[in-house]
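Everything below concerns the one structure shown next.
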Amino acid sequence: MAIAAVLSFLQQSILESPLQSLAATAFIVPVLYIIINEFIRASARVSGLKGPRGLPLIGNLAQIRKNAAEQYRIWSRTHGPVYQIQLGNIPVVVVNSAAAAKVLFGHNAQALSSRPEFYTFHKVSPR
């Protein structure tokens with residue numbers, strides 16, 4: 001009942017003032033998109049790794065635009081040798097020291113080394 005009343009009110013207000021409704025929609029839709037995108041970005045982050053949060057929509061792209069290596073070094077002072085950044089909606093793990101890389105990639109070699117699975121038609125039987 002309440003939903004029908006809200007829809008009836010929206011229809012009536014759109015018919016009475018279409019420009020005002022268009023302006024409100026033009027403002028509400030981008031704000032709603034940014035809010036939903038932030039929830040998606042937060043869920044894409046690797047749990048257990050800290051790192052700088054970044055700006056909405058673009059993540060840390062603006063911060064690494066000029067000198068990425070220097071910015072990574074500055075972040076490693078605060079967040080440690082292994083941390084994550086976000087390039088848009090994509091989380092990126094930064095390994096910033098040789099010792100951390102040896103531990104991370106050496107101890108997890110089985111998980112990180114695999115051969116790609118090729119799909120060929122040799123396995124498909126004619127009948």
Side-chain angles (χ1 to χ4, degrees):
M1 199 67 166
I3 296 174
V6 169
L7 289 176
S8 174
F9 172 75
L10 285 175
Q11 183 181 11
Q12 183 181 4
S13 65
I14 288 172
L15 291 174
E16 289 177 2
S17 56
L19 290 178
Q20 185 179 5
S21 300
L22 183 64
T25 303
F27 176 75
I28 289 172
V29 168
V31 169
L32 190 62
Y33 173 77
I34 290 171
I35 291 170
I36 291 171
N37 191 44
E38 284 305 301
F39 281 111
I40 292 170
R41 278 178 15 105
S43 68
R45 289 181 69 89
V46 178
S47 61
L49 281 179
K50 55 185 176 177
R53 296 294 294 179
L55 298 171
L57 299 177
I58 63 169
N60 300 102
L61 283 171
Q63 296 164 320
I64 64 170
R65 188 171 161 205
K66 295 199 177 176
N67 191 356
E70 180 64 23
Q71 186 63 46
Y72 293 154
R73 190 178 65 76
I74 293 169
W75 283 334
S76 71
R77 290 181 190 160
T78 345
H79 303 292
V82 179
Y83 56 91
Q84 69 177 318
I85 61 172
Q86 292 221 231
L87 303 178
N89 287 348
I90 301 170
V92 176
V93 176
V94 178
V95 181
N96 215 14
S97 73
K102 183 178 180 182
V103 169
L104 184 68
F105 298 126
H107 290 240
N108 301 314
Q110 292 295 336
L112 298 173
S113 63
S114 66
R115 293 185 179 176
E117 185 175 337
F118 294 110
Y119 296 100
T120 61
F121 292 105
H122 297 286
K123 295 180 183 177
V124 178
S125 63
R127 291 186 180 191

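Below, each value reflects all heavy atoms present in this structure, side chains not excepted, and no hydrogens, waters or symmetry copies.
How far CD1 of Ile40 is from CG of Asn89: 7.0 Å, rounded to the nearest 0.5 Å. Summarising the geometry, atom CG belonging to Asn67 is positioned 10.5 Å from atom OH belonging to Tyr72; distances are rounded to the nearest 0.5 Å. Here the CG atom belonging to Leu22 is positioned 10.0 Å from the CD1 atom belonging to Ile14, to the nearest 0.5 angstrom. Expressed to the nearest 0.5 Å, how far CZ of Arg65 lies from CD1 of Ile58 amounts to 9.5 Å. A distance of 9.5 Å separates CD of Gln86 from CD1 of Ile90, quoted to the nearest 0.5 Å. Summarising the geometry, atom OG belonging to Ser97 is positioned 14.0 Å from atom CZ belonging to Arg73; distances are rounded to the nearest 0.5 Å.
A heavy-atom distance below 4.5 Å is not found between the side chains of Leu55 and Leu61. Using a 4.5 Å heavy-atom cutoff, the side chains of Leu49 and Val93 are in contact. Annotation: side chain of Pro52 is in contact with side chain of Ile85 (closest heavy-atom distance under 4.5 Å). The shortest side-chain heavy-atom distance between Val29 and Leu32 does not fall under the 4.5 Å cut-off. Here the side chains of Asn96 and Tyr83 are in contact, with some heavy-atom distance below 4.5 Å. Side-chain contact between Arg53 and Arg45 is present, with at least one heavy-atom pair separated by less than 4.5 Å.
In this structure, Gln20 places its CD atom where only 12 or fewer heavy-atom neighbours from other residues, nucleotides or ligands lie under 6.0 Å away. Enclosure of atom CD in Glu70 by more than 12 non-hydrogen atoms of other residues, nucleotides or ligands within 6.0 angstrom is indicated. In this structure, Ile3 places its CD1 atom where only 12 or fewer heavy-atom neighbours from other residues, nucleotides or ligands lie under 6.0 Å away. A 6.0 Å sphere centred on CG of Leu7 holds more than 12 heavy atoms belonging to other residues, nucleotides or ligands.
Tested against Phe39, the residues Ile36, Ile35, Asn37 include a single side-chain contact (heavy atoms from CB on, under 4.5 Å) partner, Ile35. Among Asn60, Val94, Val46, the single residue meeting the side-chain contact (heavy atoms from CB on, under 4.5 Å) criterion with Gln84 is Val46.
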Leu87 vs Ile64, test: side-chain contact (heavy atoms from CB on, under 4.5 Å). Steps then yes/no. CA-CA 10 Å; Leu87 303 178; Ile64 64 170; 3.6 Å; yes
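A pairwise comparison of heavy atoms in Trp75 and Gln63 identifies CZ2-OE1, 3.3 Å as the closest pair. Smallest separation of non-hydrogen atoms from Pro91 and Ala44: CG-O, 3.1 Å. Shown here for Leu10 and Ser13, the closest heavy-atom pair between the two residues is O-OG, 2.9 Å.
Linking ILVMFWY side-chain heavy atoms closer than 4.5 Å, directly or via other members, places Phe105 and Val82 in a single hydrophobic cluster.
Between the side chain of Arg41 and the backbone N or O of Pro56, no donor-acceptor pair lies under 3.5 Å. A donor-acceptor pair under 3.5 Å links the side-chain atoms of Thr25 to the main chain of Ser21, judged by distance alone.
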